[in-house]
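The structure appears right after this line, and notes come after that.
Just so it is clear: chains get the letters A, B, ... in the order the sequence lines come, proteins before strands, and each one is counted from 1.
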2 protein chains.
Amino acid sequence: MNLRIAIFDDNNNIRDSISLLLKTEKDFEVVGSFAHVLDCVEEIKKCKPDVILMDIEMPGMTGIEAVKTIRKEFPHVQVLMQTVFEDDDRVFESICSGASGYILKNSLNTRLIDFIKELQYGGSPMSPSIARKVLTKMQQIPEHVRPEATPDYHLTPREKEVLACVVNGLSYKMVADQLFISYETVRSHVKKIYEKLHVASLTEVVHKAMKERIV
Amino acid sequence: MNLRIAIFDDNNNIRDSISLLLKTEKDFEVVGSFAHVLDCVEEIKKCKPDVILMDIEMPGMTGIEAVKTIRKEFPHVQVLMQTVFEDDDRVFESICSGASGYILKNSLNTRLIDFIKELQYGGSPMSPSIARKVLTKMQQIPEHVRPEATPDYHLTPREKEVLACVVNGLSYKMVADQLFISYETVRSHVKKIYEKLHVASLTEVVHKAMKERIV
DNA sequence: CAGGCTATCCCCTAAAGTGGGGATACTGAT
DNA sequence: ATCAGTATCCCCACTTTAGGGGATAGCCTG
C-alpha cells in the first residue's frame with residue numbers, strides 16, 4: 001500500500017527536486033504539488049494525501065495557518081513542516097498548530113525519506129537542533145502550567161462521561177439525552193461527582209475539572 | 001578529543017553490553033559504570049563524563065530524581081534517559097527534569113551510537129514514539145496557557161470582575177457580597193455577560209471563560 | 001444637552017439545580 | 001454467598017438561575 005504525499009512549497013525547484021527524490025522510493029506516491037496553500041482544503045480533498053510536506057514560508061497564508069486548518073479538517077493527515085529558518089517562535093508555533101514533525105531544509109536530500117518513514121510509523125521526525133529546542137522549551141514551561149500530577153478523584157468511567165458533558169455546558173436534561181439515561185440518573189452521578197471533587201455547584205465542577213484537566 | 005561517557009543502570013548485563021558496544025567507537029570512552037545513582041554526585045565528580053546514560057528505573061533514587069540533581073550540580077553534562085517503558089508521565093517528567101534525550105531500550109543496540117553522536121552535536125535524540133509523545137504534549141499544553149488570538153467580547157471592567165467571581169465558583173449571592181453590590185446587580189451583569197458571550201448558563205460561561213482565558 | 005454607555009437596583013414567572021432520602025440490578029472479588 | 005462498587009431510577013422540599021421586563025443615576029462625547 002502506497003503512502004500518498006502532497007507537497008506545499010512556493011519554490012518550484014524545490015518542489016520538483018523533492019518529487020524526484022520521493023519517486024525513488026517505491027512505496028511513496030506524490031499525489032499533489034502546490035505553490036501555495038490558499039486552496040489547500042480543496043486540494044487535499046481531491047488528492048487525499050496521507051502525509052503533507054509543508055514549507056513554512058509561503059505567500060498568502062503561511063504554512064502555520066495552513067497546518068491549523070488542515071489538522072481541523074483532516075485530523076488523520078500528518079504534516080511535516082520544513083523550513084530554512086529555525087527561529088524559536090516559529091518552531092514552537094508550528095508544533096502547537098499540530099505539525100507532526102519539523103525538519104530543516106538542509107537535511108532534505110539526505111534524510112527526507114527516512115523522516116517520512118518515521119512519520120509513517122508513528123514517530124515525529126525532528127532535525128536534531130529542533131529536537132533540542134523543543135526539549136528546552138518544555139523544560140522552560142513554568143511549573144504551575146504543567147500537568148502537575150493530576151490528582152485522581154476516583155471517578156468512575158460513567159461519572160467521567162457525565163462530567164465531560166457538564167463541563168461542556170450541557171444541562172442535566174441534555175446530558176440525559178446525550179447518554180440515553182434519565183434525568184435522575186444524571187443527578188445521581190452529579191451528586192457523586194460533587195462528593196468526590198468536594199464541591200457544591202456545577203460552576204465549581206467546571207472550574208475544577210478544567211483547571212486540573214480531569215476531563 | 002574523546003567523549004567521556006558514564007552509565008547508570010541497575011542491570012549488570014546491560015551496563016556491560018553497552019560498554020562493549022561503545023568501545024567499538026573510537027571516539028567514545030566509558031569512564032564510569034554504576035548500578036545505582038545514590039552516590040552519583042561524587043562519582044560524576046570523579047569520572048567527569050560529558051554524557052550520561054541514565055536508566056529511568058533504578059532502586060533507591062530513581063533516574064528522574066538523579067537527572068534533577070545532576071543538572072543542578074553539573075549543568076554542562078548531557079543526560080540521555082533510557083527506559084523500557086514509555087508511559088507518558090515519566091517521559092514528560094524526565095524531560096522537564098532536564099534530560100537532553102529520551103530513548104527506548106529496544107533501540108539500544110542498533111542506534112545508541114548514533115543517538116550519542118546526535119547529543120554530542122547539539123541534538124536531542126528521541127525514539128520516534130517518544131518524539132511523537134513530546135509533540136503531542138506540547139500541543140496540549142499551550143491550549144490552556146496561551147490564548148491564540150483571544151477574541152474580545154467587549155466586557156466592561158465590572159463585568160470582568162463579576163465574571164472572575166463566577167468562574168471561581170461563587171454563586172450570585174456570594175458575588176454580591178464580594179463586590180458590595182446587590183444580588184440584582186450581579187444578575188444584570190451576568191445577563192449582559194450571557195449576551196456578550198452568546199451563552200445561556202453559568203456552566204457555559206465558566207467553560208468559555210476558562211477555555212479562552214478571558215478571566 | 002442629548003444620546004450612548006456603564007453601573008446600580010427592582011419585580012415576576014419559569015426553569016434548573018441542590019440535598020436529603022430510598023430502591024433495584026449487575027458486576028466481580030472475598 | 002455475601003459484600004463493595006457501579007449504574008440505573010424515583011420522590012420531595014428547597015434554593016438558585018434564567019428570561020422577560022423596567023428604573024435611576026453618573027459620565028463622557030459629539
* To do: Please state how far atom CD in A:Glu195 lies from atom P in D:dT6, giving the value in whole angstrom units.
  => 11 Å
* Asked: What residue pairs, at least two apart or across chains, pass side chain to side chain donor-acceptor pair (under 3.5 Å) with a residue in residues 192-205 of chain A?
  -> A:Glu159-A:Lys196, A:Ser201-A:Thr203, A:Ser201-A:Glu204
* To do: Taking all heavy atoms of A:Pro49 and all of A:Ile52, pick out the closest pair and write down the distance.
  => CG-CG1, 3.9 Å
* **Short side-chain N/O contact from B:Ser171 to OP1 or OP2 of D:dT15, under 4.0 Å** => no
* Measure the distance from OH on B:Tyr172 to C1' on D:dT15 and round it to the nearest whole Å. => 13 Å
* Structure fact -> Overall bend of the helix from C:dG4-D:dC27 to C:dT30-D:dA1 (five pairs an end, 10° steps) is 40°
* Asked: Taking NZ, NE, NH1 and NH2 as the nitrogens, is one of them in B:Asp10 or B:Arg15 under 4.0 Å from a carboxylate oxygen of the other?
  -> no
* Taking only residues two or more places apart in sequence, or in another chain, which ones meet B:Glu161 in a salt bridge (Lys or Arg N to Asp or Glu O under 4.0 Å)? -> B:Arg158
* At under 4.0 Å between heavy atoms, which parts of nucleotides 25-30 of chain D does protein reach? Answer with one letter per nucleotide, 5' to 3': B base, S sugar-phosphate only, - none. => ------
* Asked: Side-chain contact, heavy-atom cut-off 4.5 Å: B:Phe74 with B:Val41?
  -> yes
* Would you say B:Leu179 and B:Val186 make side-chain contact, with heavy atoms under 4.5 Å? -> no
* Asked: Please give, in whole Å, the distance from D:dC12 C1' to A:Lys191 NZ?
  -> 11 Å
* Closer than 4.0 Å, any side-chain N/O of B:Tyr194 to the OP1 or OP2 of D:dG19? -> no
List, one per line, each side-chain donor-acceptor pair under 3.5 Å for residues 166-178 of chain A, sequence neighbours excluded.
from     : atom 1 : to       : atom 2 : distance (Å)
A:Asn168 : ND2    : A:Ala164 : O      : 2.9
A:Ser171 : OG     : A:Met174 : N      : 3.3

* Asked: Is A:Glu184 salt-bridged to A:Arg187, going by a charged N under 4.0 Å from an acidic O?
  -> yes
* Asked: What distance separates A:Thr83 OG1 from A:Leu104 CG, expressed to the nearest 0.5 Å?
  -> 7.0 Å
* Partners passing salt bridge (Lys or Arg N to Asp or Glu O under 4.0 Å) against B:Arg71 (at least two apart in sequence or in another chain) -> none
* To do: Could you grab the distance from atom CD1 of A:Ile103 to atom CG of A:Leu80, nearest 0.5 Å is fine?
  => 4.5 Å
* For A:Ser188, which residues count as a side-chain hydrogen bond (donor to acceptor under 3.5 Å, both in side chains) partner, sequence neighbours excluded? -> none
* Looking only at heavy atoms, which two atoms of A:Val67 and A:Ser97 are closest? And how far apart? -> CG1-O, 3.5 Å
* Which residues pass the salt bridge (Lys or Arg N to Asp or Glu O under 4.0 Å) test with B:Lys117, sequence neighbours left out? -> B:Glu25
* Positions of residues 173-190 of chain B (non-hydrogen atom under 4.0 Å from DNA chain D), listed by number -> B:Lys173, B:Tyr183, B:Arg187
* Asked: Can you check whether B:Asp9 reaches B:Met54 side chain to side chain, under 4.5 Å on heavy atoms?
  -> no
* Using salt bridge (Lys or Arg N to Asp or Glu O under 4.0 Å) as the criterion, list what pairs up with A:Arg4, not counting sequence neighbours. => none
* Near-strand residues of residues 198-207 of chain A, defined as heavy-atom separation under 4.0 angstrom from DNA chain C -> A:Ala200, A:Ser201, A:Leu202
* Give me the first and last nucleotide of DNA chain C, going 5' to 3', that has any atom under 4.0 Å from a heavy atom of chain A. => C:dA16 to C:dG21
* To do: Would you mind reading off the distance between B:Leu170 atom CG and D:dT15 atom C1', rounded to a whole angstrom?
  => 16 Å
